Amino acid sequence: MSNKKKIINDPVFGFITIPNNFLYRLIQHPFLQRLHRIKQLGLASFVYPGAQHTRLHHSIGAMYLMDEAINNLRIKGHEITADEANGALACILLHDVGHGPFSHVLEYTLTNGIHHEEFSLALMENLNEELNGELDICISIFKNEYPKKFLHQLVSGQLDVDRLDYLRRDSFFTGVTEGNIGSARIIKMLDLRNDRLVVEAKGIYSIENFLMSRRLMYWQVYLHKTAVAAEKMLIKTLTRAKELSDKGVKLFASPAFLYFLENDVSREFFDGQREEVLKHFAGLDDNDIWCALKVWAVNEDKVLSTLSTALINRNLFKIEITNEPLSEHQIQKHITAYTEQLGVNEYEASFFYSSDVIYTNMYNEADDSIDILYNDGTIRDISEASDMLNIQLLSKKVQKYYFSYLKI
C-alpha cells in the first residue's frame, strides 16, 4: 500500500502528517480509537471547562514529537533505522492504551492495583499477535529491553516526548499558560552520548523552564484541590458500587463495566483470564461510568445515590489542604453529622469523606537525570549545571495533607 499521507489538524502543533500506513493502521485500530472516548485530564474539566481533549489527541501529539526527535537525532549523525523509528513511534502511540476511564481511578477501585502500564503492555502484546510480530521492536522499547536505550528514554524518561506533549497540550486546553514549554527548542537541543540523551548547553534555559512549568502544572492542574476532591469522590462511589455488587446487589452498568464490578480482577485473576479481562477492558471508557452514575443517582442505596447525584450535579467534596493531618476528633464531627442528617451508620458515613496525603517530586536525578552537554564534551546533571536555586528545590519532595468531605 502506498502512503496516503494522512494529515491531522492539531490545535497545538498545527498540521501533523501520519508518517506511514503502518502507523495509520495502528491509529485506526479499536484499541487506539477507544482513547477518543477517554478524556486526557479526567475530572479536571470540573475546574477547567476547556479541558475536553482526549488521550488519543495526546498520543498523536506525542507521536509527532517523537518523529521530530528521531529526525533531529538523524541529522546529528545518529543511526536510527526505519524499523527502529516505527517501533518508537508505535510505542509512543500505544503508551497510554492501557488507561482506563478517568486516569487512575480504576487502579484504586476495580483492578486491584494493576497499573495502566501493565494493561498497556498486555494490549500491545495482544495487538502484536494480530499484526504477526510487527510490534516486536515497539514492545522491546516499552519494556526497556531494546539495545538502543535512548529510544526508551524518549518514551519514558525525564525529558520524554510524552511529557513534552502533555504539558503543552494540557496548558493549551486548560488555559494555564505557565505550562507552555518550548518543546520544539528542547527537541532541537537533544543529542546522544554513550547511548543516552543529552541536551546541548545552549538549551539549558529551556530545560529550566520545562522543570518549572511542570511543577506549576502539577499544583495548578494535576493536583488542583478541586480535581483531587472530584477524583476521590469518584473513587468512593465506585468502591461503594463494587461493595454492593459483591453482596449480590444487581446494579445497572454496561457489560464491560459490569464485568469489573462483578469480578475480583486481581493480578492472579488477570493472569488466569487475560483474554477475557482485556476484551472487557478494551470496551470500557468514560461514557460507561457517566451512564452508570446517572442511573445510580436514583438507586435505593443512600450512599451510592447521594454520591452519584453529587457527581452528576457537580456538588463536589469540599477540600482542605494542610501541613498536618486532620485529628480524629475533627473527623468524628463530620461522621456524626452524616449519621444524623443522612440517616446512615458510621461505616457508611466513611464514604462521604477522604483523608490522605498528596505529594510531588518534580526532579530526581537518581531516577533518570537530565544531562547537559558542554562544548568541551563534558556532561553535567541539570541540578549542577543550572544556576537557578529552584532546580535544587525541585528535587525535594513536597508533601501536603488533605481532607475532603461532602458538605451537607
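The chain is numbered in sequence order, starting from 1. Computed from a prediction, not measured in an experiment: that's the story for all the values here.
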* Do we see a donor-acceptor contact under 3.5 Å between the side chains of D264 and S266? -> no
* Asked: Are K148 and E84 within salt-bridge range, i.e. N to O under 4.0 Å?
  -> yes
* Are D371 and R196 close enough for a salt bridge, meaning some N to O gap below 4.0 Å? -> yes
* Asked: Do E346 and Q332 have side-chain atoms, one donor and one acceptor, less than 3.5 Å apart?
  -> yes
* **Salt-bridge contact K242-D246 (side-chain N to carboxylate O under 4.0 Å)** => yes
* If a pair satisfies side chain to side chain donor-acceptor pair (under 3.5 Å) and one of its residues is in residues 135-144, list it, with sequence neighbours excluded. => N128-D136
* **Non-neighbouring partners of H29 that pass side chain to side chain contact (heavy atoms under 4.5 Å, CB included), sequence neighbours left out** => F31, L127, E130
* Salt bridge D96-R55, side-chain N to carboxylate O under 4.0 Å -> yes
* salt_bridge(E243, K236) N-O dist < 4.0 Å -> no
* May I ask you to decide if the ring planes of F257 and W296 are parallel, tilted or perpendicular, using 30° and 60° as cut-offs? => tilted
* Could you check whether the rings of H58 and H95 sit parallel, tilted or perpendicular, using 30° and 60° as the cut-offs? => perpendicular
* Give a yes or no on whether a salt bridge exists between E328 and K333, defined as a side-chain N under 4.0 angstrom from a carboxylate O. => no
